[in-house]
Amino acid sequence: MSILNGLNSEQRKAAEKIDGPLLILAGAGSGKTRTVTYRIAHMVLEKGISPYKILAVTFTNKAAKEMRERVENLIGLEAKKVMVSTFHSFGVRLLRVYAAKLGYDANFNIYDADDQKKLVGRLMKELVVTNKQLTPASVVSKISKYKEDGDEPSDVAKEVYNADTRVVAAVYEKYAQELIKNNAMDFADLLLNTNKLLDDPEVLEKIQGRYEYVMVDEYQDTNNIQYQIITKIAKKHKNICVVGDEDQSIYGFRGANIRNILDFEKEYKDAMVVKLEQNYRSTQNILGAANSIIKLNTTSRGKNLWTEKEKGHLIEIFSASDGRAEADYILQEIIKGKNNGRSYKDYTVLYRTNAQSRVFEEAFLRHRISYKIFGGMQFYQRVEVKDILSYMRVINNPKDTVSLFRIINVPKRKIGAKTIEKIRDFADENEIIFFEAMGRIEETGLGSAVKVTVLRLYEMLKNIMEESQFLTASEIYDMILEGTNYMNYLTSYDEKFEARMDNVRELRTSIQEMEDSEQYEGFISVGEFLEQTALVAATDDLEEDTDYVKLMTIHNSKGLEFPIVFLVGMEDELFPSAKADFSDDDLEEERRLCYVAITRAEEKLHISHASERMVYGRISYMRDPSRFLKEIDDRYVDYINKAKVTPKKKESKLGGLNLITKADFKVDEKSPFKIGEKVTHKKFGTGIIKDVEAGKRLVIRFRDGDKKLPLVLAEKFLVKE
DNA sequence: TATATCGTTGTTTTT
DNA sequence: CAACGATATA
């Protein structure tokens with residue numbers, strides 16, 4: 001009697017295939033995690049494979065934790081020996097061991113988007129970047145793209161495409177050097193450097209030798225670097241099992257390459273492919289609606305999701321007059337449900353952008369409905385929390401100037417830009433790090449008052465650093481708060497200081513919780529704590545049993561399921577996003593996102609849209625219902641208050657992108673390219689020609705902005721679709 | 001060097 | 001709208 005009897009025939013087929021490449025195409029709600037966990041259990045219990053030899057990679061900590069727990073339920077404590085990890089934590093773990101091979105110390109800090117922006121901003125200032133189009137954020141995003149594609153600064157420098165590229169290349173090069181100097185890695189580095197490490201024969205051999213069986217979850221969302229990492233590890237034994245669903249690939253903007261899953265069989269000719277098509281989650285109507293939308297995607301391989309469940313409720317579509325009315329409708333539905341024996345925790349609100357959470361938050365607050373928002377402004381990113389974390393980061397890694405500059409004058413110590421510059425110069429001259437230069441402040445020739453404050457800060461930090469190995473993170477937190485008198489500083493920060501103080505206290509609680517957890521048994525080093533905070537994901541702390549309404553973006557909802565779902569803000573230019581309006585690839589990704597949203601619902605799905613809504617603090621009028629709404633087959637939906645037909649007069653929307661209108665489609669006979677045509681560029685991807693300037697230059701709207709291309713070059717680099 | 005005030009700018013989506 | 005940066009003034 002095999003443990004696999006708990007699976008259906010297809011799931012079982014997948015779970016039994018242990019050796020060689022395996023592709024599991026797992027439709028939404030088809031028992032993917034069940035299959036994978038049973039597969040692991042089968043390997044360990046029935047095939048006698050050592051759990052140490054198994055590596056399972058997921059995208060979020062929550063998914064990793066769930067997988068670990070479910071394997072543990074099946075095989076007990078042996079489960080702890082299986083390496084279940086996210087890509088990023090797996091990378092960090094390896095990088096800590098082999099940091100030196102890449103010129104890093106083991107205690108490197110991890111930079112988030114905020115830190116990246118700060119550093120890039122600093123470098124742009126140093127390089128005197130005058131182009132106002134290039135903001136730190138935009139440059140960071142370009143650099144991240146390069147990294148996701150595996151392009152080094154030198155690769156970018158070779159491709160001297162235009163002035164912008166040259167500037168970005170220069171910043172990128174400095175940025176890369178600066179990261180090493182600061183002993184810090186950004187998110188992309190965690191993967192990129194892991195991948196580099198695996199080029200080292202010693203490391204590769206060790207990893208390949210250890211992990212004979214590799215599994216990857218959510219394979220449709222792997223980027224090119226993650227693909228390389230997995231390919232290298234699995235190369236020796238070829239026991240690679242990837243699980244995914246091309247219809248749920250929603251992270252293209254972050255470098256995810258849907259081709260990884262689509263081309264798996266080409267890459268591994270002897271791969272077994274198993275399709276899981278029975279859905280255990282949703283009713284027939286919900287599945288029908290989801291299927292009617294996704295079949296319009298050209299990247300969909302086509303699958304037939306089916307269920308034994310009943311037809312269930314029709315999908316209710318509500319047309320609200322404005323955003324407020326939309327929130328009220330949802331509020332009423334929840335109150336009604338609550339009176340009929342449902343709980344808050346049965347309800348989830350899904351939206352396209354984080355900003356949309358606000359109006360619901362206000363409604364729920366007014367009516368004392370308990371709720372929790374996942375994602376958005378993360379706890380660890382708040383100013384006051386980040387301040388304390390920055391102190392910890394300096395203590396963990398004195399080379400980290402991004403953190404050091406952040407806190408050097410917080411609380412106010414009268415250390416300004418001038419002083420920092422002088423200390424920096426001194427540090428450069430003497431080839432020491434900035435922090436050590438602070439300790440030798442006497443030699444800098446700065447004014448005596450400022451010297452005293454700098455030295456006092458240095459000594460405080462140095463003190464904690466020296467003891468830090470023996471101190472647990474909460475003790476270090478206490479020393480920082482005491483040493484800086486931070487709470488006192490907060491009282492005069494702004495009118496929200498009380499909430500800020502609460503957050504700082506909550507940080508203490510979160511350290512304490514980790515410290516007390518089974519994993520750490522009372523001691524967590526400051527480095528370990530920082531690592532945790534850097535790698536948390538929005539829904540990692542989602543608790544199924546707590547009775548609150550959950551609110552999150554559709555992206556954050558992936559992999560989760562909820563009894564009753566409100567899919568809100570279903571309007572063109574919001575969903576699909578206005579920024580996805582110009583290319584088919586983008587539109588298809590938005591459609592997949594819509595598919596993900598619909599398939600989260602188990603019993604009932606509400607979809608709503610509003611004809612007016614506050615956007616950027618102004619009211620946007622006559623908003624059209626989302627085109628995706630029209631794509632749902634009518635037999636699955638119930639319009640509970642059919643929208644008033646609004647006159648079709650397209651005004652140019654405030655803020656956001658102006659859509660290309662008919663008036664733009666004038667024809668320039670001389671040019672082989674016409675306005676409105678779709679073109680592909682090998683670097684920028686698909687775009688739409690917006691303008692043909694005097695027959696000389698094309699303005700093309702690509703995914704990451706408008707580009708101007710001289711006709712001569714255009715003929716060389718552009719391919720018409 | 002700190003603070004006050006004004007103007008600009010942006011918002012997809014995230015490990 | 002709100003967060004952030006640039007500029008002026010103490």
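These numbers were taken from a predicted model, which means no experiment stands behind them. Every heavy atom of this structure was used, including side-chain atoms; hydrogens, water molecules and symmetry mates were not. A note on names: the letters A, B, ... follow the listed sequences, proteins ahead of strands, and every chain is numbered from 1.
Among residue pairs with one or both ends in residues 218-230 of chain A, those qualifying as salt bridge (charged side-chain N to carboxylate O under 4.0 Å, His left out) are K32(A)-E218(A), E218(A)-K558(A), D221(A)-K558(A); sequence neighbours excluded. Residue pairs meeting the side chain to side chain donor-acceptor pair (under 3.5 Å) criterion with at least one member in residues 82-97 of chain A, sequence neighbours excluded: T86(A)-S89(A), R96(A)-E531(A).
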Identify each atom pair where a protein N or O and an N or O of nucleotides 2-4 of chain B are less than 3.5 Å apart, giving names and distance.
unit_1 : atom_1 : unit_2  : atom_2 : d
dA2(B) : OP1    : N409(A) : ND2    : 3.1
dA2(B) : OP1    : K414(A) : N      : 3.1
dA2(B) : OP2    : N409(A) : ND2    : 3.4

Hey, what are the protein-to-nucleotides 3-10 of chain C N/O distances that come in under 3.5 Å?
none

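Looking at residues two or more places apart in sequence or on another chain, you find a side-chain contact (heavy atoms from CB on, under 4.5 Å) between R500(A) and V383(A), E384(A), L490(A), Y493(A), D494(A), K496(A). Every residue meeting the side-chain contact (heavy atoms from CB on, under 4.5 Å) condition with S510(A), not counting sequence neighbours, appears here in chain and number order: Y380(A), L507(A), F529(A). With sequence neighbours left out, the side-chain contact (heavy atoms from CB on, under 4.5 Å) criterion links K118(A) to D114(A), V402(A), R406(A). Residues passing the salt bridge (Lys or Arg N to Asp or Glu O under 4.0 Å) test with R122(A) are E178(A), sequence neighbours excluded. In terms of the side-chain contact (heavy atoms from CB on, under 4.5 Å) criterion, residue partners of M614(A) (sequence neighbours excluded) are, by chain and number, I619(A).
With centroids closer than 5.5 Å and planes inclined by less than 30 degrees as the test, F253(A) and the base of dT13(B) pass as a stacked pair. Here F187(A) lies parallel enough and close enough to stack on the base of dT15(B), with planes under 30° and ring centres under 5.5 Å apart.
Distances shown here put every side-chain N or O of T135(A) at or beyond 4.0 Å from the OP1 or OP2 atom of dT9(B).
H88(A) has its NE2 atom 9 Å from the P atom of dT15(B), to the nearest Å.
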